[in-house]
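Treat the numbers as computed from the prediction; the structure is a model and nothing was measured. Along the sequence shown, the residues carry numbers beginning at 1.
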Amino acid sequence: SRPIAIGLELLIHMFPRPGELRQAKWEQFDFDEAVWIRPSNIMKKGIEHGIPLSKHVIKLLMELKKISPESEYLFPSRDSINKPISNLTFNAALNRLGYRGKQNPHGFRHIASTALNNQFSNKEQVIEACLAHKKQGVKAVYDKATHLEERIEIMQWWADYLSNVTDNIKAVA
């Protein structure tokens with residue numbers, strides 16, 4: 001379905017943990033500020049975290065809003081609009097696309113991390129912040145920076161990079 005296809009694109013573009021996207025609610029998205037504020041209760045480390053939204057992601061979200069049933073969830077269950085989709089939905093979609101054993105939803109985080117570290121080797125902390133990884137040791141005690149401005153730049157670079165890759169694939173096909 002188109003909503004699940006959009007979900008896969010959002011996983012690629014924003015590289016959240018799959019459960020965070022599965023449980024995402026519309027109220028968490030601030031389109032004026034172009035940010036998704038993930039509440040602490042859905043985050044692995046229990047800390048609220050914002051993801052800057054690229055122009056492409058905003059376009060995908062607007063499309064999803066138009067075609068989805070009225071629900072607080074971006075991806076409501078088929079059984080009840082008051083519950084999110086199953087935790088197997090995105091996996092099943094990738095399997096149907098032929099990626100069984102090759103790619104899973106969490107793996108998009110690895111791909112993004114690798115590409116971003118290759119491009120921005122001098123911004124390891126910023127990339128870790130993009131991945132919502134908690135700082136460790138003394139750094140965690142003293143450095144509370146979230147690097148939001150730099151993450152905005154990186155997330156837009158990532159969206160543009162993905163667009164370039166898909167344009168090149170289309171050109172070859």
Report, as yes or no, whether the 6.0 Å neighbourhood of atom CZ on F31 holds more than 12 heavy atoms from other residues, nucleotides or ligands.
yes

I need the minimum non-hydrogen distance between L11 and P105, along with the two atoms involved.
CD1-CB, 3.8 Å

Return yes if some donor-acceptor pair links the side-chain N/O of W158 with the main-chain N/O of I12 below 3.5 Å, else return no.
yes

To check you understand the geometry: which heavy-atom pair defines the closest contact between S77 and P84, and what is its length?
CB-O, 3.5 Å

Yes or no on side-chain contact (heavy atoms from CB on, under 4.5 Å) for L74 and I6, after CA distance, side-chain angles and deciding distance?
CA-CA 10 Å; L74 272 68; I6 290 173; over 6 Å; no

Give me the atom names and distance for the closest heavy-atom approach of F120 to E153.
CE2-OE2, 4.3 Å

Among Ile, Leu, Val, Met, Phe, Trp and Tyr joined by side-chain contacts under 4.5 Å, find the other residues sharing a cluster with V35 and list them by chain and number.
I37

Residue pair E124 / N117: nearest heavy atoms and the distance that separates them
CA-OD1, 4.3 Å

Between F75 and L64 the two heavy atoms that sit nearest each other are CZ-CD2, 3.7 Å

Could you tell me which non-hydrogen atom of S54 sits nearest to which non-hydrogen atom of H13, and how far apart they are?
OG-ND1, 4.5 Å

Begin with the C-alpha distance, continue with both residues' side-chain angles, and end with the deciding distance and a verdict on side-chain contact (heavy atoms from CB on, under 4.5 Å) for V57 and F29.
CA-CA 11 Å; V57 164; F29 290 81; 5.9 Å; no

Going by heavy atoms in the side chains, are P16 and R38 under 4.5 Å from each other?
yes

Given 3.5 Å as the limit, does a donor-acceptor pair link the side chain of S121 with the main chain of N118, or not?
no

Verdict with supporting geometry, Q125 and E150, side-chain contact (heavy atoms from CB on, under 4.5 Å)
CA-CA 10 Å; Q125 280 187 51; E150 290 172 289; over 6 Å; no

Reported CZ-to-CG distance for the pair F15 and L131, which is rounded to 0.5 angstrom:
5.5 Å

Heavy atoms from other residues, nucleotides or ligands near CD of Q119 exceed 12 (cutoff 6.0 Å):
yes

Would you check if the side chain of R22 reaches a backbone N or O of F90 as a donor-acceptor pair within less than 3.5 Å?
no

S163 side chain to A159 backbone, donor-acceptor under 3.5 Å:
no

Partners meeting salt bridge (Lys or Arg N to Asp or Glu O under 4.0 Å) with E72 (sequence neighbours left out)
K25

Between F108 and Q103, does a side-chain contact (heavy atoms from CB on, under 4.5 Å) hold up when you go through it step by step?
CA-CA 8 Å; F108 294 126; Q103 181 65 41; 3.5 Å; yes

Closer than 3.5 angstrom, by distance alone: can the side chain of S113 be matched with the main-chain N or O of R109 as a donor-acceptor pair?
no

Is W26 reachable from I81 through a run of I, L, V, M, F, W or Y residues, each pair having side-chain heavy atoms under 4.5 Å apart?
no

Do I111 and W157 land in one hydrophobic cluster if side-chain heavy atoms of ILVMFWY residues count as linked below 4.5 Å?
yes

Looking at side-chain heavy atoms only, is the closest gap between D160 and K55 below 4.5 Å?
no

